[in-house]
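Everything below concerns the one structure shown next.
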Amino acid sequence: MATGGPSKRSAPHDSSNVPPAKKGHWSQGLLAAMNDPNLVVATDDRIVIIKDKYPKARYHFLVIPKINVPNLKSLKREQSELLRYMENQAQMLAINYPQVEFRYGYHAIPSMSQLHLHMISQDFDSPCLKTKRHWNSFNTRYFLDSADVIRCLEERGMVVTMTPIAGEKLLEQPLKCHKCVYSPQNMPKLKQHLYKHINN
DNA sequence: GTTCTAGAAC
DNA sequence: GTTCTAGAAC
């Protein structure tokens, strides 16, 4: 009786109060992918290796630990052994592709929850590679080499990355070919140029 | 992370 | 007129 009318009083489109990611939210998609037989290419008691659902190159895998590791920041010094194991297992898989050049690393500010090591071939020949952000996430300092992450964790006891704002700045950087000085004006021009570096 | 699409860029 | 990018998505 203190209030007369209905109690609906919040601004319906207020975006200052963003809810946390829940189960089923897109950012939790890796947890589902880890259990998708169509994506899993290898597994053991410690890790799962899956095909990236939207590969940004001809070969693009993710190595995911089975224990819950939300992100790089949550890593403790003693978990560097796990990171070494993840990279080792990726390099074991790479033996199956003797002619393919891979890089192994982490996105500085990932969108998806649960730590995942990218193992990506350097052709970047894929219809899923569409945007400048896609390109820069693998071809600027936004892509942290696995070896550097492991070294940092062992020497400093934690993984030091960058602020989200610094990450955004890298993703907005002008396009540049990863193999030469060419700076294309847009993504279609980059994708056409990339074929010059591919020996089929 | 992707999809969709308005309008900027050409 | 077409190509391409970038911001909303309840």
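Below, chains carry the letters A, B, ... as their sequence lines are ordered, and counting in each starts from 1.
A/Leu72 and A/His107 get closest at one heavy-atom pair: CD1-O, 4.0 Å.
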Notebook entry, point to check: How far apart are the C-alpha atoms of A/Met112 and A/Trp26, what are their side-chain angles, what is the distance that settles it, and do they pass the side chain to side chain contact (heavy atoms under 4.5 Å, CB included) test?
Noted result: CA-CA 8 Å; A/Met112 308 283 279; A/Trp26 60 261; 4.1 Å; yes

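Applying the side chain to side chain donor-acceptor pair (under 3.5 Å) test to residues at least two apart or on different chains, none of the pairs has a partner in residues 70-79 of chain A.
No chain of hydrophobic side-chain contacts below 4.5 Å, direct or via other Ile, Leu, Val, Met, Phe, Trp or Tyr residues, connects A/Met119 to A/Phe143.
For A/His118 and A/Tyr104, the gap between ring centers reaches or exceeds 6.0 Å.
A/Lys53 comes within 4.0 angstrom of no nucleic acid atom, judged by non-hydrogen atoms across all strands. Here A/His25 lies out of heavy-atom contact (under 4.0 Å) with every strand.
Relative orientation of the A/Tyr182 and A/His193 rings is tilted, given thresholds of 30° and 60° on the angle between their planes.
Within residues 105-118 of chain A, the residues approached by DNA chain B to less than 4.0 Å at the level of any non-hydrogen atom are A/His107, A/Ser111, A/Met112, in residue-number order. For the contact set between residues 173-191 of chain A and DNA chain C, defined by any heavy atom under 4.0 Å, the members are A/Asn186, A/Met187, A/Pro188. Non-hydrogen atoms lying under 4.0 Å from DNA chain B are contributed by A/Tyr54, A/Lys56, all within residues 54-72 of chain A.
At most 12 heavy atoms of other shown residues, nucleotides or ligands fall within 6.0 angstrom of atom NZ in A/Lys53.
A/Thr43 places a side-chain heavy atom less than 4.5 Å from the side chain of A/Val48.
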Check: Using Watson-Crick and G-U wobble pairs with both distances under 3.5 Å, what is the 5'-to-3' dot-bracket string of DNA chain B, with [ ] for crossing pairs and | for pairs outside the strand?
Finding: .|||||||||

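Here chain A contacts DNA chain B (any atom closer than 4.0 Å to a heavy atom, that is under 4.0 Å), and the contacts span B/dG1 to B/dC10 from 5' to 3'.
Between A/Asp145 and A/Arg103 a salt bridge is recorded (basic side-chain N to carboxylate O distance below 4.0 Å).
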